[in-house]
Amino acid sequence: MSTEKYSTVIKFSQAAEQSDGAVKRIIGFVQAKHMIGLFDDATLDANPRSAKSNNVVDDIMYSLKEDPLIFQFKTKGILLGTSDYRALERKRFQLYFNDPACEGLLDGGHNMLAIGKHMLSEVLDEAAIKKIKFWPDFKEKWLEHRDEVKAVRDEFDFKVPVELIVPSDQNDDEIVSKFRMHILDICAARNNNAQLTTETRANQKGFYDEIRKRLTKEIAERVEWKANVWDSDEKRPVKVRDIVALSWIPLLRLNEEGLLPTETEAGSKLNFNLSPQKIYASKGDCSKMFDALMEHPDVTNTHDSPQHEMHNVSIGSAFDVLAELPELYDWIYLHLGEAYNRAGGSFGRIKVVKSPARAGHYSHYTRQDAKYRYPEGFIMPLVYGLKALMVVKGDLVTWGVDPLKFLERNFDSIVKAFRMPLEMANWDPQKLGKNENSYNFVESEFEKALIREQR
């Protein structure tokens with residue numbers, strides 16, 4: 001099962017071992033020169049937050065430059081974890097990272113980035129170091145200059161605190177299985193001090209894998225599935241909680257038909273009847289409820305791993321519907337202004353609307369040029385109204401009509417009716433977006449338009 005592809009050797013200068021239950025930890029100091037192999041092989045997949053250059057990284061690099069002899073007492077260092085290892089002579093440990101999504105660097109990504117940049121600073125000029133902003137930037141430079149770094153490895157005699165967690169008995173399959181289930185919880189707990197988000201933990205558990213597969217490549221690549229991994233020049237990536245919030249539109253349609261779990265394994269009642277306005281106003285709550293749904297054994301399973309695999313076909317069908325919602329969201333965003341004008345209003349004169357939009361303003365998901373720039377609260381009830389076009393057949397939710405063609409035929413009439421809640425909210429996107437009646441009203445207008453077409 002072991003493979004050299006994700007293998008490295010850690011050599012401790014000093015080390016102590018502690019065991020409790022299924023987990024053993026080995027703690028001690030490692031000279032930085034003995035971490036070069038770890039930089040070669042380690043990814044940050046297991047670390048929920050990908051490292052990004054910031055003031056913390058700058059402070060660590062300053063400490064390495066000014067006080068390298070006591071660096072080990074000024075930092076918590078790094079946390080490594082794996083279910084597959086070998087104890088070698090002279091306090092050395094061979095580590096195999098067979099599942100990089102869960103094993104490898106669990107905590108200390110900023111320390112790793114700072115130490116790596118410090119090593120590269122011995123062979124690169126200051127300007128090149130400053131250009132390294134994210135872990136992928138660092139890895140690219142590391143692979144280019146690794147041999148040069150190795151040639152001066154004796155310069156790196158400062159020590160780094162390293163904690164290694166492994167199964168307490170590698171020959172006991174039950175203990176190894178328990179350890180693998182614990183490793184993600186340990187990782188999440190260690191990162192809590194860094195405000196690890198619900199979405200980041202969910203990503204580590206694999207809850208977004210089935211969504212990611214279904215989105216178009218262009219949109220999936222713009223989503224920040226894991227904190228601090230966004231390395232594009234664009235200032236605003238798509239937050240994963242935006243996608244999760246949209247997922248509740250088809251999920252609520254399933255819930256109306258009683259196709260979401262109603263009880264926990266222990267028999268406690270579950271309620272997934274999310275209020276529609278939370279899709280706009282409480283995306284954090286949407287993420288927490290999504291977590292609870294995806295953890296349910298009726299939805300996902302774990303096979304001796306912290307990663308969950310979805311097996312629920314109803315939820316899968318909701319994700320199929322979700323895959324079209326980002327593009328429909330953008331269509332509504334791009335067309336609302338002109339439809340409002342055709343309905344007798346003057347969209348550009350609304351206080352919170354910027355018209356023309358400043359140069360370089362785009363729709364949120366598909367990056368299309370936008371004529372108007374305005375808050376999301378204006379369109380979220382309209383996006384939610386698409387739920388009226390979703391039908392449940394058997395255990396699956398699907399579109400009853402082509403949603404884009406439906407919008408092209410009926411959007412003007414729906415927006416004409418939508419003027420009423422807009423005016424009642426005094427064109428305040430917060431009041432509109434946080435009022436449940438706005439969502440119910442728009443859904444009803446979609447239903448009316450659908451009925452007119454079916455006559």
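Computation of the quantities below employed the complete heavy-atom set of this structure, encompassing side-chain atoms and omitting hydrogens, waters and symmetry-equivalent molecules.
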field: Parallel, tilted or perpendicular: ring planes of Y372 versus F347, cut at 30 and 60 degrees
entry: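 Perpendicular.
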field: Parallel, tilted or perpendicular: rings of H364 and Y329 (30°, 60°)
entry: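 Tilted: the ring planes of Y329 and H364 meet at 30° to 60°.
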query: When you look at I165 and L80, which way does the side chain to side chain contact (heavy atoms under 4.5 Å, CB included) test go after all the steps?
result: CA-CA 6 Å; I165 58 170; L80 301 171; over 6 Å; no
Is a donor on one side and an acceptor on the other found under 3.5 Å between the side chain of [X] and the backbone of [Y]?
X: R419; Y: A343; value: yes
X: S282; Y: G284; value: no
X: W225; Y: A220; value: yes
X: T262; Y: L270; value: no
X: D137; Y: F134; value: yes
X: R214; Y: E210; value: yes
X: N341; Y: G344; value: no
X: D369; Y: Y362; value: no
X: T82; Y: E103; value: no
X: K434; Y: A281; value: no

- request: Using a cut-off of 6.0 Å, state whether more than 12 heavy atoms not belonging to M310 lie near its atom CE.
  value: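 Yes, because the 6.0 Å sphere around CE of M310 holds more than 12 heavy atoms from other groups.
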- prompt: Do other residues, nucleotides or ligands put more than 12 heavy atoms under 6.0 Å from E66 CD?
  reply: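 Count over threshold, so yes.
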query: Once you round to the nearest 0.5 Å, how far does CG of N435 lie from CG of N437?
result: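 Separation between the atoms: 4.5 Å.
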Give the minimum heavy-atom separation between [X] and [Y], together with the two atoms involved.
X: V223; Y: V240; answer: CG1-CA, 3.9 Å
X: L215; Y: A323; answer: CD2-CA, 4.0 Å
X: Q277; Y: G433; answer: CB-O, 3.6 Å
X: L251; Y: A318; answer: CD2-CB, 3.8 Å
X: Y365; Y: I219; answer: O-CG1, 3.9 Å

Return a table of donor-acceptor pairs under 3.5 angstrom between the side chains of residues 381-398 and protein atoms on other chains or two or more places apart.
residue: K387; atom: NZ; partner: E256; partner atom: OE2; Å: 2.5
residue: K387; atom: NZ; partner: E443; partner atom: OE2; Å: 2.9

[X]/[Y] ion pair, N-O < 4.0 Å:
X: E174; Y: K178; result: yes
X: K76; Y: D107; result: yes
X: D291; Y: K288; result: no

- request: Would you sort out whether K416 and R342 count as a side chain to side chain contact (heavy atoms under 4.5 Å, CB included), showing the intermediate values?
  value: CA-CA 8 Å; K416 185 175 182 179; R342 288 192 293 270; over 6 Å; no
task: With sequence neighbours left out, write down each residue that passes ring pair (Phe, Tyr, Trp, His ring centres under 6.0 Å) with F179, or none if nothing qualifies.
output: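 Applying ring pair (Phe, Tyr, Trp, His ring centres under 6.0 Å) to F179 gives none.
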- prompt: Listed by chain and number, what are the ring pair (Phe, Tyr, Trp, His ring centres under 6.0 Å) partners of W142, not counting sequence neighbours?
  reply: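 By the ring pair (Phe, Tyr, Trp, His ring centres under 6.0 Å) rule, W142 matches F39, F138.
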Would you tabulate the side-chain donor-acceptor contacts of residues 293-300 under 3.5 Å, counting partners in other chains and residues two or more places apart, or write 'none'?
residue: E295; atom: OE2; partner: K205; partner atom: NZ; Å: 2.7
residue: H296; atom: ND1; partner: D298; partner atom: N; Å: 3.0
residue: H296; atom: NE2; partner: E263; partner atom: O; Å: 2.6
residue: T300; atom: OG1; partner: M294; partner atom: O; Å: 2.4
residue: T300; atom: OG1; partner: H308; partner atom: ND1; Å: 3.0

message: For a quick check under 3.5 Å, do S314 and S317 share a side-chain donor-acceptor pair by atom type?
response: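 The answer is no; no qualifying pair exists.
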- prompt: Are K117 and S53 close enough that a side-chain donor and a side-chain acceptor fall under 3.5 Å?
  reply: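 The criterion, which ignores hydrogens and geometry beyond distance, is satisfied for S53 and K117.
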- prompt: Given the rule in the side chain to side chain contact (heavy atoms under 4.5 Å, CB included) test, do W399 and F406 qualify, once you have shown the distances and angles that lead to the verdict?
  reply: CA-CA 11 Å; W399 294 106; F406 178 90; over 6 Å; no
- prompt: Can you name the residues that form a salt bridge (charged side-chain N to carboxylate O under 4.0 Å, His left out) with E338, not counting sequence neighbours?
  reply: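 K371.
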message: Under the rule for salt bridge (charged side-chain N to carboxylate O under 4.0 Å, His left out), what residues qualify as partners of E140, not counting sequence neighbours?
response: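 Salt bridge (charged side-chain N to carboxylate O under 4.0 Å, His left out) check on E140 returns nothing, list empty.
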field: Check against side chain to side chain contact (heavy atoms under 4.5 Å, CB included), V238 and E224
entry: CA-CA 6 Å; V238 174; E224 190 177 42; over 6 Å; no
